[in-house]
Asker: 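Got a structure here, written out as structure tokens. Questions coming.
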Amino acid sequence: MATVTSSAQIRQTFLDFFTKNGHTPIASSSIIPANDPTLMFVNAGMVPFKELFTGREKRSYTRACSSQKCVRVSGKHNDLENVGRTARHHTFFEMLGNFSFGDYFKEDAISFAWELFTRVLDLPADRMMVTIFGGGDGIPADDEARAIWRKVTGYGDDRIVGLGMADNFWQMGETGPCGPNSEIYFYHGDNPDPSKLTDEPSPDGTGWVELWNLVFMQFERSLENGVAKLCPLPKPCIDTGSGLERVAGALQGKKSNYDTDLLRPLVEQASAIAGKAYGGSMSEDDVSMRVIADHARAAAFLIAEGVLPDRTGREYVLRRIMRRAIRHGHRLGITRPFLHEVALSVVDMMGEHFGELRQRRGLIATITEQEEVRFRQTIDRGLGMLDEEFARMKSANSSTLSGETAFKLYDTFGFPIDLTDVICQEKGLAVDLAGYDRALEQVRAKSEFVSSSAATPQVYREALSKLASKEVRFIGYEREVSE
């Protein structure tokens, strides 16, 4: 295997390789998309270059490479519920990418990828295979890519597999740039079998795993009288993405991303704080340790970007991530604030490459600790209320928590509905989400009424006359906003 194995070495080797091949290295943009209201967070390496692909923006270079910070925890791309329960789902991750804006196309993109993986990083070719677009929806198969892969790799058709629109055709939306894509897969485990490519990897990571996606952006999709039409782009582009965590897993011989040097130290820290050994299994304790490791990374990077926990939008997503981590620490038996310690380890591990972590080290520590202190003040009471409700449900032979109870947990104790849902799922129970929504809307409707210009002054006068000598704290109503 390659001498390049640490995540820092892999990141730098990738950037150096493409810089040597004429690409301009671009520092990761903010996780918060600039001038893009369609996204809550940057969720792929190509996002900062969208305007170049559409031709609406020009820059001084036509080739670029980057290691982009990404978050997938909202809207269409939401990996939150899978975090810790699979080997490769994360809220925060890094996407390595090389891009061509009307410069080179399929042959160079394929050659670059193969050279980097097999000659520079020394991944074994007998543990890899590739996919191409096999045709669909009236669009012919990408025989050009198949021929290039045959020439570059020496593979037969058993290792160059054609898949359909859902897997191997990329599009930005219903209209706009689009094209076939091609993926490189790596096998974790014994006896790689190309015929099992489409099988899902096991929870421990055994099986075929995508390492690199090459998008050949060669068409413009338009709608004419409601009918889709594809026209060749005058300057086809290349957009690639390769997850650093996955490449590290392949080079470090780890089936799970959580066992790589990017995450295992954080898992071990959660294990040490909890006083419980980490076994790398699917046990609830091991899942909780992985959740803490992942969520601490996301929290550290989001706070470093200026996102602070609050009740709406990105701020609520951060709060949701942090409270999930805190709750998993609680179920591990951790009785003191701990998340700030793990978040500071993220700073120590990744601050050299991402300087914003070091610059905001104090802020990251303060915010994570304060949020945990506040949440811990209510979590025990909320869980106590849930236990009482579970006992009542058991005696009534009910398996669904009422929407009213779920809303009370949220309204009184600050339990986000997804946290209540997860706790119920762990006990094989459901939540009446429709009832929760009704209760929430009723309170919002009342809130809108009393905040009208006619009602507000009287309400304030009555409240002040009764509570003038008491401290009043408004908690508000938290609800995730989608993209």
Asker: For a quick test of reading the model, state the closest non-hydrogen atom pair linking G45 to C70 and the distance between them.
Answerer: N-SG, 4.1 Å
Asker: Where is the tightest heavy-atom contact between T5 and L251, given as atom of each residue plus distance?
Answerer: CG2-O, 3.9 Å
Asker: What are the two closest heavy atoms between D167 and E183, and how far apart are they?
Answerer: O-OE2, 4.0 Å
Asker: Nearest 0.5 Å, what's the CD-CD1 distance between Q359 and I364?
Answerer: 10.0 Å
Asker: Would you say the side-chain atoms of S242 pair up with the backbone N or O of W212, donor to acceptor, closer than 3.5 Å?
Answerer: no
Asker: For the atom pair CD1 (I417) and CG (L409), what is the distance rounded to the nearest 0.5 Å?
Answerer: 8.0 Å
Asker: Does the side chain of S6 come under 3.5 Å of the side chain of D261 through a donor N or O and an acceptor N or O?
Answerer: no
Asker: Is a side-chain donor or acceptor of R246 paired with a backbone partner of L211 at a separation under 3.5 angstrom?
Answerer: no
Asker: Could you give me the CA-CA distance, side-chain angles and deciding distance for F407 and V443, then say whether side-chain contact (heavy atoms from CB on, under 4.5 Å) is met?
Answerer: CA-CA 10 Å; F407 179 73; V443 171; 3.5 Å; yes
Asker: If you look only at pairs with a residue in residues 353-376, which of them pass as a ring-ring contact (aromatic ring centres under 6.0 Å, His included), with sequence neighbours excluded?
Answerer: F301-F354, F375-F415
Asker: Just do the ring-ring contact (aromatic ring centres under 6.0 Å, His included) check on H90 and Y258 with the steps written out, would you?
Answerer: CA-CA 10 Å; H90 305 292; Y258 291 93; 5.0 Å; yes
Asker: To the nearest 0.5 Å, what is the distance between CG (L401) and CG (L433)?
Answerer: 9.5 Å
Asker: I need the minimum non-hydrogen distance between S67 and S28, along with the two atoms involved.
Answerer: O-CB, 3.2 Å
Asker: Salt bridge between E305 and K69, side-chain N to carboxylate O under 4.0 Å?
Answerer: yes
Asker: Taking T240 for the side chain and N98 for the main chain, is one N or O donor matched with an acceptor at less than 3.5 Å?
Answerer: yes
Asker: Would a distance-only check, ignoring hydrogens and angles, find a side-chain to backbone donor-acceptor pair under 3.5 Å from T19 to L15?
Answerer: yes
Asker: Looking at R358 and D348, is any side-chain nitrogen of the basic one under 4.0 Å from a carboxylate oxygen of the acidic one?
Answerer: no
Asker: Could you name each residue pair satisfying salt bridge (Lys or Arg N to Asp or Glu O under 4.0 Å) that touches residues 90-100, not counting sequence neighbours?
Answerer: R11-E94
Asker: Tell me if the aromatic rings of H188 and F186 count as close, with their centers under 6.0 Å from one another.
Answerer: yes
Asker: Determine, step by step, whether S100 and R63 satisfy the side-chain hydrogen bond (donor to acceptor under 3.5 Å, both in side chains) criterion, reporting the C-alpha distance in whole Å, the side-chain angles of both residues, the deciding distance to 0.1 Å, and the verdict.
Answerer: CA-CA 5 Å; S100 166; R63 300 182 178 195; 5.8 Å; no
Asker: For D16, check salt bridge (Lys or Arg N to Asp or Glu O under 4.0 Å) against everything at least two apart and list the hits.
Answerer: none
Asker: If you measure only the distance, is there a donor-acceptor pair under 3.5 Å linking the side chains of S202 and D204?
Answerer: yes
Asker: Ignoring hydrogens and geometry beyond distance, is a side-chain donor-acceptor pair present between H340 and T368 at under 3.5 Å?
Answerer: no
Asker: Is there a side-chain contact (heavy atoms from CB on, under 4.5 Å) between V346 and L266? Walk through the geometry before answering.
Answerer: CA-CA 8 Å; V346 175; L266 305 177; 3.8 Å; yes
Asker: Hey, is the main chain of T312 close enough, under 3.5 Å, to the side chain of D310 for a donor-acceptor pair?
Answerer: no
Asker: Under the side-chain contact (heavy atoms from CB on, under 4.5 Å) criterion, do Y61 and I26 qualify, and how do the steps go?
Answerer: CA-CA 11 Å; Y61 50 83; I26 305 299; 3.5 Å; yes
Asker: For the pair E441 and R438, find out whether any cationic side-chain nitrogen is under 4.0 Å from an anionic carboxylate oxygen.
Answerer: no
Asker: Between D432 and T400, does any side-chain donor sit less than 3.5 Å from a side-chain acceptor?
Answerer: no
Asker: I need the I423 CD1 to F390 CZ distance, nearest 0.5 Å.
Answerer: 6.5 Å
Asker: Could you pull out the closest heavy-atom pair between I184 and A113, with the gap in Å?
Answerer: CD1-CB, 3.9 Å
Asker: Just checking, is any N or O donor in the side chain of Q269 or S345 under 3.5 Å from an acceptor N or O on the other one?
Answerer: yes
Asker: Would R327 and E372 pass as an ion pair if we require N to O under 4.0 Å?
Answerer: no
Asker: Looking only at heavy atoms, which two atoms of F99 and S66 are closest? And how far apart?
Answerer: CE1-OG, 3.7 Å
Asker: Examine distances only and state if a side-chain atom of S395 and a backbone atom of R392 form a donor-acceptor pair shorter than 3.5 Å.
Answerer: yes
Asker: Before accepting this row, confirm whether a basic side-chain N of the pair R336/E341 lies closer than 4.0 Å to the acidic partner's carboxylate O.
Answerer: yes
Asker: What is the distance from atom CD of Q370 to atom CE of M322, rounded to the nearest 0.5 Å?
Answerer: 9.5 Å
Asker: Hey, are the side chains of L357 and M349 touching, using non-hydrogen atoms and a 4.5 Å cut-off?
Answerer: no
Asker: So does V267 get a backbone contact from the side chain of S271, meaning a donor-acceptor N/O pair under 3.5 Å?
Answerer: no
Asker: Check for a donor-acceptor pair, side chain of N181 on one end and backbone N or O of L214 on the other, with a separation under 3.5 Å.
Answerer: no
Asker: So how far is it from K196 NZ to N191 CG, rounded to the nearest 0.5 Å?
Answerer: 9.0 Å
Asker: Can you list everything that forms a ring-ring contact (aromatic ring centres under 6.0 Å, His included) with F101? Sequence neighbours excluded, please.
Answerer: F49, F53
Asker: With a 4.0 Å cut-off on N to O distance, would you call R264 and E268 a salt bridge?
Answerer: yes
Asker: Taking the six-membered ring for Trp, are Y187 and W208 closer than 6.0 Å centroid to centroid?
Answerer: yes
Asker: Between the main-chain N or O of N257 and the side-chain N or O of T260, is there a donor-acceptor pair closer than 3.5 Å?
Answerer: yes
Asker: Does a side-chain heavy-atom distance below 4.5 Å link M385 with T412?
Answerer: no
Asker: Identify, with sequence neighbours excluded, every residue that meets ring-ring contact (aromatic ring centres under 6.0 Å, His included) alongside F18.
Answerer: F14, H23, F112
Asker: Do F117 and M128 have side chains that get closer than 4.5 Å, going by heavy atoms?
Answerer: yes
Asker: Below 4.5 Å, heavy atoms only, C-beta onward: do V120 and T13 meet side chain to side chain?
Answerer: yes
Asker: Less than 3.5 Å apart, any donor N or O on the side chain of S283 or S281 sitting next to an acceptor on the other?
Answerer: yes
Asker: Apply the test side-chain contact (heavy atoms from CB on, under 4.5 Å) to residues M95 and V47: give CA-CA distance (whole Å), side-chain angles for both, the deciding distance (0.1 Å), then the verdict.
Answerer: CA-CA 11 Å; M95 184 71 81; V47 171; over 6 Å; no
Asker: For R297, is there an ion pair with E245 - N to carboxylate O distance below 4.0 angstrom?
Answerer: yes
Asker: For the salt bridge (Lys or Arg N to Asp or Glu O under 4.0 Å) test, which of R319, R324, R320 pairs with E371?
Answerer: R319
Asker: With side chains defined as the heavy atoms from C-beta onward, is the minimum distance between L332 and I292 less than 4.5 Å?
Answerer: yes
Asker: Tell me every residue that passes salt bridge (Lys or Arg N to Asp or Glu O under 4.0 Å) with D286, counting only those two or more places apart in sequence or in another chain.
Answerer: none
Asker: Using a 3.5 Å distance criterion without hydrogens, assess whether the side chain of Q68 forms a donor-acceptor pair with backbone atoms of M46.
Answerer: no
Asker: Classify the side-chain pair K255/T206 by whether it contains a donor and acceptor separated by less than 3.5 Å.
Answerer: yes
